[in-house]
Amino acid sequence: MASVDTAWESLKGRLTELEALGGVVQLLEWDQQTMMPKGGGSQRGAQLSTLTGIMHDRLADPQVGSWLAALCDETDPIKAASVRNVQRDHERATRVPTRLVAEIASASNSGFSAWLAAREANDFSLFQSSVERLVELRKEEIACHGPADHPYDHLLDQYDPGSTTAQLQPMFARLKEELAAFIASVSGKEGPATVTGRWDIAGQEALSKSVIDALGFRLDDGRLDPAEHPFTVGMGTGDVRLTTHLYEDDLLGGLTGTIHEAGHGMYEQGLPSVHTGTGVATAAGMGLHESQSRFWENVVGRSLPFFQWLAPMIRDQWPDTNISAEQWFGHANRVERSLIRVQADEATYNLHIVIRFELELKLLTGEIQVADLPDAWNDAYANLLGIRPSTPNEGVLQDVHWSNGLFGYFPSYTIGNLYAASFRYQMEEDVPDLWNRIAQGDFTPALQWLREKVHVHGHIQDAPEIFLAAVGDRDPVADLMAHLRSRQGALYGE
Ligand SMILES: [Zn+2]
């Protein structure tokens with residue numbers, strides 16, 4: 001067996017290589033969605049699958065296993081964290097046979113095409129067998145990992161290491177009950193008015209850049225480009241790329257999306273680059289990543305102090321509009337029972353996630369079959385949101401996730417919202433003049449708090465531990481409800 005020092009140097013060498021390859025994959029994906037001509041599709045597919053194949057082999061390499069074995073008693077916190085993270089990835093890469101990995105990749109590919117066709121025809125039956133196949137393959141994959149408290153834990157672990165079904169289930173159940181009651185109490189009441197108008201795209205691009213620059217996204221270490229579906233990639237702290245989609249008739253729709261991505265981007269820019277090559281200079285999980293985007297988009301970006309700073313900037317850009325901070329604030333915090341998750345407001349949004357989480361659990365345990373999904377979906381919407389989808393496109397066919405075999409991903413969105421709400425209240429305690437500073441356009445104290453409590457920790461601990469160290473024993477469900485009452489509740493006279 002290799003000596004401990006040699007094992008560490010060898011492991012670092014391999015991780016440095018894997019991080020570089022991962023960066024290239026990200027860059028190719030960014031290019032695919034921003035710059036690549038349509039004709040590049042099949043070449044790009046071959047490039048990506050070649051690279052991910054190489055990465056898989058380099059990670060599954062038995063040598064990695066022997067280095068990890070030599071380092072199993074490591075006590076240095078960075079090295080120990082590195083070993084824990086790589087161990088997880090190495091096990092995932094070795095336990096699942098290459099045949100199954102390839103079958104999942106190909107089923108996801110054809111699942112996506114079937115989903116597009118089903119959406120085109122507004123007909124779930126065209127998608128059903130693809131989902132059945134993907135659920136079966138995922139179950140097979142879960143079986144490779146051996147026993148767990150709940151089979152869903154293996155799925156959660158891929159996106160949110162450290163989160164468990166046993167911990168999420170009661171939290172989501174409580175949230176569901178409290179949210180449903182809150183939404184019932186505000187809906188039906190006359191809420192704030194919608195703001196309408198037209199804002200030219202060039203003006204919006206200029207405004208978006210000024211806003212993210214003020215928030216603290218370093219434009220020298222990043223970019224902002226248009227894309228059909230906004231996303232962010234980070235190739236190290238010095239090259240973080242945001243994308244956004246702007247709409248001429250919906251200024252806030254585009255801007256909140258940009259701020260969301262900038263939240264992801266500032267997390268990537270704040271990761272501990274001193275630990276590059278150890279596997280810990282990375283995000284601790286998708287839920288924590290989402291807490292950063294939601295914090296800036298919702299906690300900051302839908303607050304009255306934020307609009308007190310922003311409204312004059314909008315007037316400067318479009319001198320013939322005159323919309324007050326209060327009008328923007330009202331518009332940004334309207335509550336509506338709606339069928340489509342990505343268009344949902346901040347209050348109803350989490351019910352859309354709870355519905356998906358519960359359906360995924362039932363699918364996985366066999367409590368419902370894929371054929372039952374459309375009805376189960378519609379019943380859940382009728383029960384929880386009081387509205388029933390009238391077509392599959394408004395219901396079970398609306399999200400791309402399942403077509404790609406992404407089960408276990410949806411909870412990240414709500415974990416993000418829960419974390420973000422607790423970050424808000426802890427930050428208010430730690431930074432008493434937080435909101436005054438934000439009203440002046442000074443976002444430094446907020447960003448510094450997140451840097452210190454979240455970003456610099458990379459993936460040294462798992463997200464639940466980072467959260468606990470940041471906010472202590474705060475109750476995230478209570479915090480999210482308090483946050484919503486302080487905004488929508490107040491605007492709707494609750
Ligand atoms: Zn996001």
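Both ligands and their constituent atoms are indexed starting at 1 by order of listing.
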Looking just at side-chain N and O atoms, do W402 and E360 make a donor-acceptor pair shorter than 3.5 Å?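 W402 vs E360: donor-acceptor pair found between side chains.
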Does the side chain of Q169 pick up a donor-acceptor pair with the side chain of E358 at under 3.5 Å? no
Relative to the Zn ion (ligand 1), which of the N, O or S atoms in H260 is the closest?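 Atom name returned: NE2.
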Minimum-distance N/O/S atom that E290 presents toward the Zn ion (ligand 1): OE1
Between Y492 and V335, is there a donor-acceptor pair closer than 3.5 Å when you use the side chain of the first and the backbone of the second? yes
Is the H331-F329 ring centre distance short of 6.0 angstrom? no
Could you tell me whether the Zn ion (ligand 1) has an N, O or S atom of H264 under 2.8 Å away?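 Here the distance criterion (N, O or S atom, under 2.8 Å) is met by H264, so yes.
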